[in-house]
Amino acid sequence: MTPEIDACFAALRAEHGADSLDRVEEMLQPRRRSEHRHPLQAAAKWVLPGIPQLPWHDPYGHPEILPLVKALEAAHPEIKADQERAWASSRERFSDYEHYLVRQRDWQALYLYRDGRLAEEAAPLAPTAYAVMEEHAVGTGLICPLLESHFSTLLPGAAIAPHCDLWNFSINLHLAIDIPDGAGIRVADETRSWEEGKCLLFDYSFEHEAWNDGDRTRTCLLADLWHPDTTLPERAALTVLMTEIQRMMA
């Protein structure tokens, strides 16, 4: 803990109640870090207790997330057309995806949101997706400012190795943009594919992997959202906490 974290936590407790950050405090206790984990969350660094251990979620099952899901799915034709134009005409604007574990040249990304802000330079390339994310994810505070939203394009033959992401207090939404035969994703012990124009929602603190064995690129629009079972004071505390941890590690 640092003075900045202590001050933030004290202010949040004063506003929301003495017990409002109990789960965050419990997560930080080293002796408790392994007690709340599913075996397939073993490699996640931070597991907030009390979050349901569900690898897959119904994208239509959370009222907070539902408006974003509906807006993305309704705009899918325009989002796909924008992405195809950007890929064809501005390929240099896509970058190798830098996961915290590895950098992959066969996994390309065009960011809409990163480093706690909208990527304004992407607005001319992907205006429809940018507008939807701005209104329904950023404007509502639904997006996790510690993470990102981007077009995720796997080249033919690409694979994302099995891994757990860092924590369970955010959740990953995928809008399927363009899905070839032979593309799939596994989360925990269940494998699924994407249905073009539809969303998938999963907890990526569980081990997961993805692959594209098709003959063309596989593209989804990804958004890292706050897990719907986190509270507003927890979200504020976790933002300050993880920002400070990342700063100290850097």
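Model, not experiment: these values are computed from the prediction.
Between Phe94 and Trp87, the two ring planes are perpendicular [angle over 60°; tilted spans 30° to 60°]. The aromatic rings of His174 and Phe202 lie perpendicular to each other, with more than 60° between the two planes, well past the 30° mark.
The backbone N or O of Cys199 sits less than 3.5 Å from a side-chain atom of Glu73, completing a donor-acceptor pair. With hydrogens and angles ignored, the 3.5 Å screen pairs no side-chain donor or acceptor of His62 with any backbone N or O of Pro59. A donor-acceptor pair is defined here as one N or O able to donate and one able to accept, closer than 3.5 Å; no such pair exists between the side chain of Asn212 and the backbone of Gly157. With hydrogens and angles ignored, the 3.5 Å screen pairs a side-chain donor or acceptor of Arg23 with a backbone N or O of Pro49. Between the side chain of Arg186 and the main chain of Ala188, a donor-acceptor pair closer than 3.5 Å is present. Here the side chain of Arg13 pairs no donor or acceptor atom with the backbone of Cys8 at under 3.5 angstrom. Side-chain N or O atoms of Ser90 include none that pairs as donor or acceptor with a backbone N or O of Arg93 at under 3.5 Å. Between the side chain of His76 and the main chain of Glu196, no donor-acceptor pair closer than 3.5 Å is present. Under the 3.5 Å distance criterion, the side-chain polar atoms of Thr230 are left unmatched by any main-chain donor or acceptor of Trp226. Judged by distance alone, with hydrogens and angles left aside, the side-chain atoms of Asn172 form no donor-acceptor pair with the main-chain N or O of Tyr204 at under 3.5 Å.
Residues Lys45 and Asp165 are not paired through a salt bridge, judged by the lack of any N-O separation under 4.0 Å between the basic side chain and the carboxylate. Under the 4.0 Å criterion applied to side-chain N and carboxylate O atoms, Arg235 and Glu64 are assigned as salt-bridge partners. With respect to the salt-bridge test (charged N to carboxylate O, under 4.0 angstrom), the residues Glu190 and Arg192 qualify.
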- [ ] Might you work through the side-chain contact (heavy atoms from CB on, under 4.5 Å) test for Thr153 and Gln83, ending with a clear yes or no?
- [x] CA-CA 10 Å; Thr153 298; Gln83 191 275 335; 3.8 Å; yes

TODO: Dump the intermediate steps for side-chain contact (heavy atoms from CB on, under 4.5 Å) on Leu146 and Phe169, then the final yes or no.
DONE: CA-CA 11 Å; Leu146 298 163; Phe169 47 79; 4.3 Å; yes

Open item on the list: Set out, in order, the CA-CA distance, both residues' side-chain angles and the distance that settles side chain to side chain donor-acceptor pair (under 3.5 Å) for Asp96 and Gln108, then state yes or no.
Closed with: CA-CA 5 Å; Asp96 299 347; Gln108 294 289 293; 2.8 Å; yes

Open item on the list: For a side chain to side chain donor-acceptor pair (under 3.5 Å) check, start with the C-alpha distance between Ser152 and Arg218, then their side-chain angles and the critical distance, and finish with the verdict.
Closed with: CA-CA 8 Å; Ser152 171; Arg218 183 241 63 179; 2.9 Å; yes

- [ ] Show your reasoning for whether side-chain contact (heavy atoms from CB on, under 4.5 Å) applies to Tyr130 and Leu118.
- [x] CA-CA 8 Å; Tyr130 185 96; Leu118 284 161; 3.5 Å; yes

TODO: Verify side chain to side chain donor-acceptor pair (under 3.5 Å) between Asp82 and Thr128, making sure each step is shown before the conclusion.
DONE: CA-CA 7 Å; Asp82 290 344; Thr128 307; 2.8 Å; yes

TODO: Please lay out, stage by stage, how His163 and Glu207 fare under the test side-chain contact (heavy atoms from CB on, under 4.5 Å).
DONE: CA-CA 5 Å; His163 66 284; Glu207 184 182 271; over 6 Å; no

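Residues Gln53 and Arg37 approach most closely at NE2-C, 3.4 Å, considering heavy atoms. The two residues Gln104 and Ala159 make their nearest non-hydrogen contact at NE2-O, 3.2 Å. Of all heavy-atom pairs spanning Trp194 and Cys220, the tightest one is NE1-SG, 3.5 Å. Taking all atoms of both residues into account, the shortest heavy-atom contact from Pro156 to Gly214 is CB-O, 3.5 Å. Of all non-hydrogen atoms in Leu21 and Pro233, the two that sit nearest each other are CD2-O, 3.5 Å. Between Thr243 and Thr239, the closest heavy-atom pair is OG1-O, 2.6 Å.
Side-chain contact between Tyr60 and Val69 is present, with heavy atoms from C-beta onward closer than 4.5 Å. Contact check for Leu68 versus Leu225: side-chain heavy atoms found under the 4.5 Å cut-off. For the pair Val24 and Leu48, the minimum side-chain heavy-atom distance is below 4.5 Å.
Around CG of Asp181, the count of heavy atoms belonging to other residues, nucleotides or ligands within 6.0 Å does not exceed 12. Heavy atoms from other residues, nucleotides or ligands lying under 6.0 Å from CD of Glu120 number 12 at most. Counting non-hydrogen atoms of other residues, nucleotides and ligands closer than 6.0 Å to CZ of Arg91 gives a total above 12.
Put simply, Leu154 and Tyr111 are part of the same group of oily side chains (I, L, V, M, F, W, Y) that touch within less than 4.5 Å, one to the next. Trp107 is not connected to Trp211 by any chain of hydrophobic side-chain contacts under 4.5 Å among Ile, Leu, Val, Met, Phe, Trp and Tyr, and they are in different clusters.
His150 has its ring centre less than 6.0 Å from the ring centre of Tyr97.
The one candidate from Leu222, Leu221, Leu201 that meets the side chain to side chain contact (heavy atoms under 4.5 Å, CB included) condition with Leu173 is Leu201.
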